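On a predicted model such as this, the values are computed, not experimentally measured, just so you know. In what follows, every chain begins at residue 1, and chains take the letters A, B, ... in the order their sequences are listed.
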There are 2 protein chains.
Amino acid sequence: MKQVRSSEWTGAFKQHRLRLTKPRQLIVDVLGATSDHLSAEEVYLRVHPKYARIGLTTVYRTLDVLVRMGIVSRLDFGDARSRYELVERSGKPSHHHHLVCSSCKRVVEYDDFMDEEVKLIKKLEKALSRKHGFGITGHVVQFLGLCPACKTLARA
Amino acid sequence: MKQVRSSEWTGAFKQHRLRLTKPRQLIVDVLGATSDHLSAEEVYLRVHPKYARIGLTTVYRTLDVLVRMGIVSRLDFGDARSRYELVERSGKPSHHHHLVCSSCKRVVEYDDFMDEEVKLIKKLEKALSRKHGFGITGHVVQFLGLCPACKTLARA
DNA sequence: ATGTTATTGATAATGGATATCAATAACATC
DNA sequence: GATGTTATTGATATCCATTATCAATAACAT
């Protein structure tokens, strides 16, 4: 399952014989219009004004499909709900990772030393794939800590 | 909050004025006796035969305390429940990461290229800390994929 | 031995996510 | 453009991991 550019998602849908429905279009639109990491409910709330009969169930299902197709990434920042972002979105570094405040869950995207990181990840993927026979499809790299605001509060 | 060796956990408890109770001892024992990544319920089930009046609530609370003290790591393998492992356990590489099958959730621990990885992580921690003012306390590195068995099934 | 208070555990409640299933709407075909 | 097939939707009920509540209990300092 290889990555699909969000700009080509309609084509990918057709190839998989998936129908191009209004809810699906609006959900991709919402994800493309923000740099936030939205939860399913937040996606629902942003689609609702434009399409009031959207159902939360549909949002969950659609996000699942998009993740499985490699158009969307599912993220976990430890706040008990999954969050989603387009894999490819204009104005965002194509490859990035996340720095998360474990207290307030604020998220910073970073791409420092990404060349070096990608090189190491590729090397590891190859080694692990050979050693354990896994077909590797993705990775998670994340730093956890306290943001400046929460650090100050912790001292109080 | 710095890491605490599991062998010294009783001392760490005393320093924090936390009481050394039977449930807490048994929970640490269970984690020390396995290389599995247990869920809260699995910990509960393994303590129960030795101490039938253990409550699931206590297990959740204790695991939380242990995580906050740096004695235990909370892991997320995408199967909708947190899993736990001792940070330091005899017979396990002290620093390692996980390769997870996204289908059956099987987990392989690896420590390949760990020197290189640790060096990069340290460098990133320093850079991110300076750039964004975070006090960095931890990181997640994880590879996702399909294990040999699930790969075969997927082809069927 | 005793008092203080951290800890426990039964119970109920929360909340994100999923299963069910009849109604609807894409879209291939004519 | 009309029509039939079938993927998709969404209201509803449900699941299940985790957390809140609070009276009873047990660590441990004195």
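- The shortest distance between the side-chain N/O atoms of A:Tyr60 and the OP1/OP2 oxygens of C:dT18 is not below 4.0 Å.
- Between B:Leu75 atom CG and D:dA17 atom P the separation is 17 Å, expressed in whole Å.
- One interatomic measurement links the two molecules: CD of B:Gln15 to P of C:dA6, which rounds to 18 Å at whole-angstrom precision.
- Contacts of B:Asp111 classified as salt bridge (Lys or Arg N to Asp or Glu O under 4.0 Å), with partners at least two apart in sequence or in another chain: none.
- Side chains of A:His96 and A:Glu85: a donor on one and an acceptor on the other come within 3.5 Å.
- Using a cutoff of 4.0 Å between basic side-chain nitrogens and carboxylate oxygens, A:Arg74 and A:Asp64 are scored as salt-bridged.
- Here the NZ-CG distance, from A:Lys22 to A:Asp29, works out to 11.0 Å after rounding to the nearest 0.5 Å.
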Quiz item: How would DNA chain D look in dot-bracket form, 5' to 3', counting Watson-Crick and G-U wobble pairs with both distances under 3.5 Å and writing | for bases paired to another strand?
Solution: ||||||||||||||||||||||||||||||
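- The line from NE2 of A:His132 to SG of B:Cys147 is 12.0 Å long, rounded to the nearest 0.5 Å.
- Of the residues in residues 17-27 of chain B, B:Leu18, B:Arg19, B:Thr21, B:Pro23, B:Arg24 come within less than 4.0 Å of DNA chain C through at least one heavy atom, sorted by number.
- For the atom pair A:Ile54 CD1 and A:His48 NE2, the distance stands at 9.0 Å (nearest 0.5 Å).
- Residues from residues 39-57 of chain B lying near DNA chain D, meaning a heavy-atom separation below 4.0 Å, are B:Arg53, B:Thr57 in numerical order.
- To the nearest 0.5 Å, the span separating CG on B:Leu128 from CZ on A:Phe113 amounts to 8.5 Å.
- Spacing between atom CG of A:Leu63 and atom C1' of C:dT18 amounts to 14 Å, rounded to whole angstrom units.
- Expressed to the nearest 0.5 Å, how far NZ of A:Lys119 lies from CG of B:Leu120 amounts to 10.5 Å.
- In this structure, the nucleotide among D:dT19, C:dT18, D:dG10 sitting nearest to the side chain of A:Arg61 is D:dG10.
- Using a 4.0 Å cut-off between charged side-chain N and carboxylate O, B:Lys123 and A:Glu116 make a salt bridge.
- In this structure, the NE2 atom of B:His16 is 18 Å from the C1' atom of D:dC28, given to the nearest Å.
- Sorted by first then second residue, the salt bridge (Lys or Arg N to Asp or Glu O under 4.0 Å) pairs that include residues 42-58 of chain B, not counting sequence neighbours, are B:Asp36-B:Arg46, B:Glu42-B:Arg83.
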Using atom names, set out every protein N or O paired with an N or O of nucleotides 28-30 of chain C below 3.5 Å, distance rounded to 0.1 Å.
none

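- Regarding A:Arg81, its CZ atom lies at a distance of 16 Å from the P atom of C:dT14, rounded to whole Å.
- Side-chain N/O atoms of B:His37 and B:Glu109 include a donor and acceptor closer than 3.5 Å.
- Checked by atom type, the side-chain pair B:His97/B:Glu117 shows a donor-acceptor distance below 3.5 Å.
- Taken to the nearest 0.5 Å, the CZ atom of A:Phe143 stands 5.5 Å off from the CD atom of B:Glu125.
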